[in-house]
Each structure stands twice: as structure tokens, then as C-alpha cells.
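Everything on this sheet refers to the single structure shown next.
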Amino acid sequence: MTDMINKETQAADVQPAAADKAAFDRSALKEKKRIVIKVGSSSLVHEMTGELDLYKLEQLVRLLCDLSNQGKEVILVSSGAIGVGRKALGLGKRPDTLPLKQACASVGQAALMMIYQKLFNEYNQLSSQILMTKHTIVRDVSRRNARNTFNQLLQMGVIPIVNENDTISTDEIEFGDNDTLSAVVASLAKADLLILMSDIDGLYTDDPYCCPDAQFLECIPVIDEHLYDMARGASSDFGTGGMVTKIDAARIATDSGCDMIIANGRDFRNIHRITNGENVGTLFLAHKNKNFNLTQYIEQRHGHLK
Ligand code: GLU
């Protein structure tokens, strides 16, 4: 699967962003106007109990409202539906059947949105919900409608809150992870910055938790085979799961002309630091790949959908 992706990377018409000093100058990030921020479940819940971390949620909402007050257009991609639903339904362990998972998502998504709307309302900030599946992207009418809806909402100063439509998603139509979903949203909405709030500071040459020699990578000008090899070959889960998915997300975002940053979601103030031009997280530089086609990419990667 990744081989196919890597071959695409080598296409002659992919122009690496100028690798000069200016391209690495983080102060350019201050000028970003349309920003997608992805927050994973692990950044939203208490590690010990799995219950929502209300302090962090409030902080996140306040930060996003402030970005909107600065005149930025903000899209939030938030996970948490299944986890919140599971807690609400009093289930001890992760749901192990599809109907149970979807029931959890149904309860949890509504509960999560109620909390988000309550918090956004405190700052007089309108927010809305958009739930997507791969069908949204591969069907021309749905894709156009979704893009128009994002544009309309952002024009009116609303902050859309996006998640996968977990209640109806099955293997064939699900993105499966919100890293991919957020990159798809960034591409669809023609965002100029995507921030993935992760459980790690950014990209390392190896797993920093077990390899003291692991080096932090501040900037990735080009996503190539070498980068995938590094992520795949690194020790522990660091290499086999999360990071490859994040590099895939970076492929979608940067080929669509959107810079992407992976930063640590333990401290949401990193969002403020990034948009203030500070050197936080790993920055993947946008490329101009005029041949990138989101629908084709999704179909190539996930198979043809009816
Ligand atoms: N859509 C899932 C949820 O809201 C999360 C997927 C992910 O965390 O990547 O629970």
C-alpha cells in the first residue's frame, strides 16, 4: 500500500518547497488563515479513568475561539465519540462488536457535541457538526456539497467540528483514524495549515521512549521512501502504527498545498505557540503537486467504493 504512495511521491511534477531558510522560518505560520486542528481521544481524556478532561476541553475551546477572534478560520477534528459513549453506557471494556461500537459512537457523539456547544457558547462562538465517511469524498455530489458547506460555515465565522460518522461506518467506508480524516478535511477545505495534536512531541528518528539516541526532526521538506522506511523500521509501536499513518496524512495535506505540524497534545497551549510562529513540533512543508487528486488517492489506497 505504501509502495504505491511512495511511487507517487517520485512523480516528476512534485516540486519540493524551496529548501531555503525562509521555508523553515516558522514566523510564516502566523499568516496562516484557514487552520484544521485534530485532537485525538488521548488528549481529551484522563489517562487513569478515561473520563473527559474538562479542564483541557475548556482550554482547547478557549484557544480555538481566540484564533477565530484573530480572524482565522478554524476547523476542529475531534475524536472521542466511542470513548465517551462507552463511559456513558457504563461499559467496562472497549466495544468488541460493530453494533456495540456504533451504539457507543451514537451516544458519545451527541454527548461530546453537547459539551463542545456549551463551551463554545460561553464565548459566543457558533460551532457545528460535520460527520463524514469515505463516501463523502469519492461521490462527486457529496464531495462538492461538503466543500460548499465548509466554505459557507467558515465564511459565517462558525467553527465546524468534524468526526467520522462512526454510527454507520463499516470497514469499506471508514477512514478508520482521524489523522487521515483531518488531512482529507484540510485538502477538501483547502486549508493552509493542519495541526495534529498527538501524544508525542513530533517525529523522531526512532522511539524516544526506548531509544536515547532518537533524534527529533523539526522540519520535513520532502516525504520520501527514506522517511517511510525510518517510521516502519523504528522500534516498538512507534514505527509500525501511529507514525506511518501520520506520514500518510502529511502526504495528503502537503500534496494538497497545506503545511502540517505534529505536536504534543498534552499541552494545548502548543496550538497558540504554533500559530504564533514558535518552533514547536515537526513541520511538514507543503508542496505544489498539481496532479494530486484526493478522490483518486482515497480510491487507490482503500479500494473502489460503490
Ligand atoms: N472516530 C473515533 C471516535 O470518535 C476516533 C478515531 C480516532 O481516534 O482516530 O471515537
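In this chain, numbering begins with 1 at the start of the sequence shown. Remember, it's 1-based here, ligands and their atoms both numbered in the order they're listed.
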Query - pair Q59-R269: side-chain heavy atoms closer than 4.5 Å - result: yes

Query raised in the report: Are V77 and V39 side-chain neighbours, meaning at least one heavy-atom pair lies under 4.5 Å?
Result: no

Report task. Only one of N151, L194, V74 passes side-chain contact (heavy atoms from CB on, under 4.5 Å) with R34; say which it is. Result -> N151

Query raised in the report: Between N163 and ligand 1, which residue portion shows a heavy-atom distance shorter than 4.0 Å: side chain, backbone, both, or neither?
Result: side chain

Query raised in the report: Which atoms of ligand 1 sit under 4.0 Å from any heavy atom of D177?
Result: 9 (O)

Query raised in the report: Counting from 1, what ligand 1 atoms have a heavy atom of D166 closer than 4.0 Å?
Result: 1 (N), 2 (C), 3 (C), 4 (O)

Give me the residue, atom name and distance of the protein heavy atom closest to [atom].
atom: atom 9 (O) of ligand 1; value: N178 N, 2.7 Å
atom: atom 8 (O) of ligand 1; value: S79 OG, 3.1 Å
atom: atom 10 (O) of ligand 1; value: I82 N, 3.0 Å

Report task. Check if G80 has a non-hydrogen atom at a distance under 4.0 Å from any atom of ligand 1. Result -> yes

Query raised in the report: Under 3.5 Å, is there a donor-acceptor pair between the T245 and D177 side chains?
Result: no

Requested in this report: Determine the minimum heavy-atom distance between D179 and A249, stating which atoms define it.
Outcome: O-CB, 3.5 Å

Query - Whether F216 and Y204 hold their rings parallel, tilted or perpendicular, with breakpoints at 30° and 60° - result: perpendicular

Query raised in the report: Taking N or O atoms only and a 3.5 Å limit, does G83 qualify as a polar contact for ligand 1?
Result: no

